[in-house]
Amino acid sequence: TMSLNPAPQTTPVPQPQFESEVTSPAPTSPLPILREQWEGKYEFLLSCIGYCVGLGNVWRFPYLCYRNGGGVFLIPYFIMLFVTGVPLFLMELSLGQYGAAGPIMVWKCCPLLKGIGIGMICVSTLVCLYYNVIIAWTFYYLGSSFQSPLPWSCDAVANAALCGNSSTGNSSSGKALSPTEIFWNERVLGVVHSEGLHDPGPVRWPLALCLLAAWIIIYLCMLKGIRSSGKVVYVTATFPYFVLIVLIIRGATLQGSLQGIAFYLTPEWDRLANAQVWNDAASQIFYSLGIGVGGLLSMASYNKFDNNVIRDTLIITTGNCLTSFFAGFAIFSILGHMAWRKGVAVGEVADTGPGLAFVAYPEALALLPGSVFWSILFFLMLFMLGVDTLFGNMEGITTAVLDEFPQLRQNTLHKSLFLGALCFCFYLMGLLLVTDGGIYWFTLIDSFSTSFGLIIITLFMCIGISFFYGSSSHKTFLCLIYVFLLRLQFILSYIFIEMYNTSLRYGSYVYPRWGKALGVCMGAACCLQILIWAIVAIYKETGTLKDVRIGALSCASGICANIYIISR
């Protein structure tokens, strides 16, 4: 979501500006391939806000907060923001801004660390695979919102019996179901026809068509490029707040809403002893800020060399997390009303999982005057948020490939074919997630793609830069080493103790051990790229291991010195 002008910058240089003078018509080297830069002063800032403030704030944060006991989740969430989120966000922006390259090419000077960039692309691939499924769900709800009355409201004829008799619809756990829950589970997902991971069932073609439409839109956005979509940020960065304010005001007027707000803000202190709570808090910070997936690094690579990244970091990280906190009031006020209507505790009112927002938000929309109008606006907002964020993730993948094959930047036909093939492959792989049992696979990928694998990748990015920096005069990077060594200890403890002791659930379904093992393999496959490509780099080098290490030290020290300079 940016607008760019061609600039002659092609390789990382430690000067903010440079000029090219032609003294002879005889070329002595190949012509440089032009690389774009941001056109306006604030376009990068606004585009990053549009990239970070997305579905993770209004969809993922509320259900993680609900799953982990409400208010207690806010404590590790804000701790992880300041301990890991802010410093890593600053480091990734600085690295991309100095290197002026994508997540793989930025490590070209130090091949030992190339696996970090490839690991980022692997994580980004997993995220893109399932993220567009959320947009497909949004499409489905958006199309259904043009019906009056809304098909999940009590005004619909089909729901008259449900709203008049709370015992008519029941979940597998014995709880009464609302019309919004039945619409979500039966009409949208079809999960009632699947028994679990081993039984995905047939493809739900209405969702498959919505998924195809979502990928076509992403393709057209990528094809059109980042020159024309920068102004969209002005809408996507402000419109969500307007809709959330309306939902919060309506939620506050509902009976029982204070019960939900109390659940949201009151911590259960014993939950802090559960490593899963801390892992979810860390993964949500990484997820919502987009750390470690290559999107931030790619967008920062189009910055001017002297851009103030510290200012951008503070504004983006603070605004992003306050948006998540703000969205929580909308969700939990509605959950409090649902709990009052069902006569149960807030913690038991709905199944925990990714679908929580697609139950709570439609419930509130159905209670608004002019519900059809507000429903269309809300799901249009979700669609814009999702496309904006997914565009940033896809930009990380495409920038990495275009940096490796720079001739694609100048050949429009080849670039179009590459983008088309990439989006079509994502669509084919995503069909598994729109089957009757697709939500089980969706939850598995969501739980492990941005979990320990992503944290380990960013850990090694930080330790690698800090170690190769090698100077005692700048304490900033040495402090980061200390912080992330502590994070490493936590990660290892989590993997070997909690990974197999904490059950993964979707509603009443408990994931089998082989399913969790598959999720661990997905996360491990991403972070193992660091080791694999380090071995490949050593194998390709000539000389002894000592020679390879000296070359890496001298090269990476130059990178880190300039990162420190531009981050001051």
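- The shortest heavy-atom contact between Ser194 and Gly437 is OG-CA, 3.4 Å.
- For the pair Gln529/Ile121, no side-chain contact is recorded, criterion being any heavy-atom separation below 4.5 Å from C-beta on.
- Classification of the Phe442-Trp137 ring pair by plane angle, with boundaries at 30° and 60°, yields tilted.
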Please evaluate residues Met522 and Leu444 with respect to the criterion side-chain contact (heavy atoms from CB on, under 4.5 Å), reporting the C-alpha separation (whole Å), side-chain torsions for both, the decisive distance (0.1 Å), and the verdict.
CA-CA 10 Å; Met522 284 192 294; Leu444 182 70; 4.1 Å; yes

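- For the atom pair Leu402 CG and Ile104 CD1, the distance stands at 11.0 Å (nearest 0.5 Å).
- Summarising the geometry, atom CG belonging to Leu380 is positioned 10.0 Å from atom CG belonging to Leu385; distances are rounded to the nearest 0.5 Å.
- Aromatic ring centroids of Phe405 and Phe418 lie 6.0 Å or more apart.
- We find the CD1-OG1 distance between Ile261 and Thr266 to be 10.5 Å, quoted to the nearest 0.5 Å.
- Using a 4.5 Å heavy-atom cutoff, the side chains of Thr125 and Phe426 are in contact.
- Applying the salt bridge (charged side-chain N to carboxylate O under 4.0 Å, His left out) rule to pairs touching residues 184-197 yields nothing, sequence neighbours excluded.
- The aromatic rings of Tyr509 and Tyr440 sit tilted relative to each other, their planes meeting at an angle between 30° and 60°.
- The two residues Pro76 and Leu272 come nearest to each other via the heavy atoms CD-CD2, 3.9 Å.
- Listed here is the closest heavy atom pair of Phe73 and Gln284: CZ-CB, 4.5 Å.
- With hydrogens and angles ignored, the 3.5 Å screen pairs a side-chain donor or acceptor of Arg204 with a backbone N or O of Val188.
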Determine, step by step, whether Trp278 and Met80 satisfy the side-chain contact (heavy atoms from CB on, under 4.5 Å) criterion, reporting the C-alpha distance in whole Å, the side-chain angles of both residues, the deciding distance to 0.1 Å, and the verdict.
CA-CA 8 Å; Trp278 292 86; Met80 290 299 174; 3.6 Å; yes

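- Using a 4.5 Å heavy-atom threshold, the side chains of Leu335 and Phe263 count as separate.
- The two residues Leu244 and Val58 have their closest heavy-atom pair at CD1-CG1, 4.0 Å.
- Side-chain atoms of Glu92 come within 3.5 Å of backbone N or O of Gly292 as a donor-acceptor pair.
- Between Ala136 and Cys210, the shortest heavy-atom contact is O-CB, 3.5 Å.
- We find the SG-CG distance between Cys321 and Leu289 to be 5.0 Å, quoted to the nearest 0.5 Å.
- No donor-acceptor pair closer than 3.5 Å links the side chain of Trp184 to the backbone N or O of Leu189.
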Determine whether Ser324 and Tyr77 satisfy the following criterion, side-chain contact (heavy atoms from CB on, under 4.5 Å), listing intermediate values before the conclusion.
CA-CA 10 Å; Ser324 297; Tyr77 178 75; 3.5 Å; yes

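- With sequence neighbours left out, the ring pair (Phe, Tyr, Trp, His ring centres under 6.0 Å) criterion links Tyr141 to Trp152, Phe183, Phe358, Phe379.
- Heavy atoms of other residues, nucleotides or ligands lying less than 6.0 angstrom from CH2 of Trp514 number more than 12.
- Under the side-chain hydrogen bond (donor to acceptor under 3.5 Å, both in side chains) test applied with Asn57, the options Thr323, Asn320, Thr389 reduce to a single match, Asn320.
- Side-chain N or O atoms of Glu181 include one that pairs as donor or acceptor with a backbone N or O of Ser178 at under 3.5 Å.
- To the nearest 0.5 angstrom, Asn393 atom CG is 10.5 Å from Thr398 atom OG1.
- Side-chain N or O atoms of Ser449 include none that pairs as donor or acceptor with a backbone N or O of Val123 at under 3.5 Å.
- Proximity of a side-chain donor or acceptor of Thr435 to a complementary backbone N or O of Leu432 within less than 3.5 Å is detected.
- Residues Cys128 and Ser124 form a side-chain contact, since some pair of their non-hydrogen atoms from C-beta on lies under 4.5 Å apart.
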Leu126 and Phe448: CA distance, side-chain angles, deciding distance, side-chain contact (heavy atoms from CB on, under 4.5 Å) verdict:
CA-CA 10 Å; Leu126 289 174; Phe448 287 96; over 6 Å; no

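- Below 30°, between 30° and 60°, or above 60°: for Phe332 and Tyr66 the angle between ring planes is between 30° and 60°, a tilted geometry.
- For the atom pair CD1 (Ile535) and CD1 (Ile530), the distance works out to 12.0 Å, reported to the nearest 0.5 Å.
- By the 4.5 Å heavy-atom criterion applied to side chains, Ile217 and Phe383 are counted as neighbours.
- Here the side chains of Met394 and Leu422 are in contact, with some heavy-atom distance below 4.5 Å.
- Side-chain contact check for Tyr264 versus Ile331: every heavy-atom pair is 4.5 Å or farther apart.
- The closest side-chain heavy-atom distance from Leu247 to Phe378 is below 4.5 Å.
- The two residues Ile291 and Gly85 come nearest to each other via the heavy atoms CD1-O, 3.5 Å.
- Without hydrogens or angle criteria, Tyr287 side chain to Arg60 main chain gives no donor-acceptor distance under 3.5 Å.
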